[in-house]
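Read through the structure below, which is laid out as structure tokens, and then see the notes.
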Amino acid sequence: MNVLELKNITKKYGPLVAVDDVSLDVERGRVISLLGPSGCGKTTTLRIIAGFTSNDSGSLKIGGKDVSRLKPYERNVGLLFQDYALFPHMTVAQNIAYGLRYRGTQASGIPSRVDKMLSLVQLTGMERRYPRELSGGQQQRVALARALAIDPQIVLLDEPLSALDAKLRLELRIELKEILRSVGATTIVVTHDQEEALSLSDEVVIMHAGRIVQRGSPTQVYDTPADKFVAQFVGRSNWFSGLRRGGSGGVSSYVTGEGLEIRARSTPSEKRDSADLCVRPENIEIIDGAAAKVAEGADSNVLAGVVIDVAPLGADVHVVIELQGKVRLLAIRKNFGRVPELVSGQPVVALFSASDVLVF
Ligand SMILES: Nc1ncnc2c1ncn2[C@@H]1O[C@H](COP(=O)(O)OP(=O)(O)OP(=O)(O)O)[C@@H](O)[C@H]1O
Ligand SMILES: [Mg+2]
């Protein structure tokens with residue numbers, strides 16, 4: 001069953017279309033993330049669902065019921081904003097209980113619900129503290145407990161971890177994922193951190209200029225991006241522009257302005273003569289140019305170049321090479337230890353399969 005149904009939602013601010021004809025169904029228990037560049041309409045979409053911003057057109061159902069005319073507190077929605085917005089003059093317990101009081105929960109039932117939430121976010125024993133007596137990570141957990149306390153039909157999280165430092169952010173990301181799964185919360189998370197979005201959610205919704213451009217599993221949006229924008233926005237990528245110069249055996253051949261030949265697997269939709277070609281850095285193998293000659297197959301790309309930069313980033317090594325024709329490519333290889341290190345100025349060969357080239 002769909003807990004949330006947005007149909008053709010549009011919101012304008014003067015001439016600016018902040019949310020443009022957005023339709024989105026979310027099934028019970030799913031964790032969905034909204035991902036997109038700054039200003040693409042993520043927060044506005046959440047605010048419309050929560051009832052803090054009114055939409056100009058379209059319809060909105062929560063739990064099968066039209067909630068367009070309901071006030072925010074009449075909608076069964078749990079909210080966590082970027083800055084947590086805990087009440088500074090209230091204790092942890094009072095903060096968590098806030099939404100319960102507001103929604104008319106019987107006073108006798110409140111303490112047990114607060115206890116349950118405290119144990120869920122691992123803050124048992126801290127109920128009498130004030131927000132200023134908590135670390136950033138603890139405040140974040142209180143805000144999450146407050147959002148979940150009302151047993152909402154839908155949980156909206158806007159940049160829930162952005163105020164935390166990198167290490168704590170990663171720890172809490174895993175914890176947040178476990179908590180959401182354990183309570184079976186139907187959740188929409190907004191984040192500009194791609195890794196966070198891809199790791200937290202069952203599905204990713206990519207927005208661009210107020211519109212949804214793709215919805216899919218984290219793997220789908222990365223491996224089969226719907227368009228050039230999604231391919232560029234999600235993950236890292238290398239790009240070529242080329243003119244199609246024929247092909248055979250399911251492989252098309254393109255020649256770039258710099259005179260490089262790039263082979264890509266032919267696609268049924270391929271009609272135009274010119275195309276933008278995208279290769280993910282982890283699909284490019286870098287081989288020492290002095291080593292045995294690499295055999296160039298009909299479905300592979302073998303391009304000679306020179307190493308420009310080597311950045312060892314722990315588990316990965318980022319290698320920038322410059323091809324003949326002055327095009328730069330980023331390749332990411334695993335840090336396997338014993339493999340001889342590449343050095344700047346070294347002649348190399350970049351190798352990638354035609355099937356790893358995305359054509360737009
Ligand atoms: N109250 C408002 N009045 C006028 N324009 C607004 C208002 N709220 C948002 N906007 C505009 O609507 C667009 C979408 O804003 P929104 O806050 O939804 O973006 P966002 O995707 O959440 O971006 P960010 O990642 O920076 O938080 C932006 O261009 C923004 O300037
Ligand atoms: Mg925002």
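In each ligand, atom 1 is the first atom listed, and ligand 1 is the first ligand listed.
Salt bridge absent: Asp56 and Lys12 never bring a charged side-chain N and a carboxylate O closer than 4.0 Å. Note on Arg169 versus Asp193: salt bridge recorded, some NZ/NE/NH1/NH2 to OD/OE distance being below 4.0 Å.
Below 3.5 Å of separation, one finds no N or O of Ala18 facing any N or O of ligand 1. Taking any N or O of Leu16, backbone or side chain, none lies under 3.5 Å from an N or O belonging to ligand 1. Between Thr43 and ligand 1, a contact under 3.5 Å exists for at least one N or O pair.
Checking Thr43 against the Mg ion (ligand 2), an N/O/S atom falls under the 2.8 Å cut-off.
Glu258 and Thr256 share a side-chain donor-acceptor pair at under 3.5 Å. Side-chain contact annotation: Ser252 with Arg263, donor-acceptor N/O pair under 3.5 Å absent.
Evaluated by nearest non-hydrogen atom to atom 15 (O) of ligand 1, the leading choice among Val190, Val19, Thr44 is Thr44.
Heavy-atom contacts from other residues, nucleotides or ligands closer than 6.0 Å to CD of Gln324 number 12 or fewer.
Remark: Arg280 qualifies as a cation-pi partner of Tyr222 under the 6.0 Å distance and 45° angle criteria applied to the six-membered ring.
Ligand 1 lies nowhere less than 4.0 angstrom from a heavy atom belonging to Gly36.
Contacts with ligand 1 closer than 4.0 Å are made by no heavy atom of Thr53, backbone or side chain.
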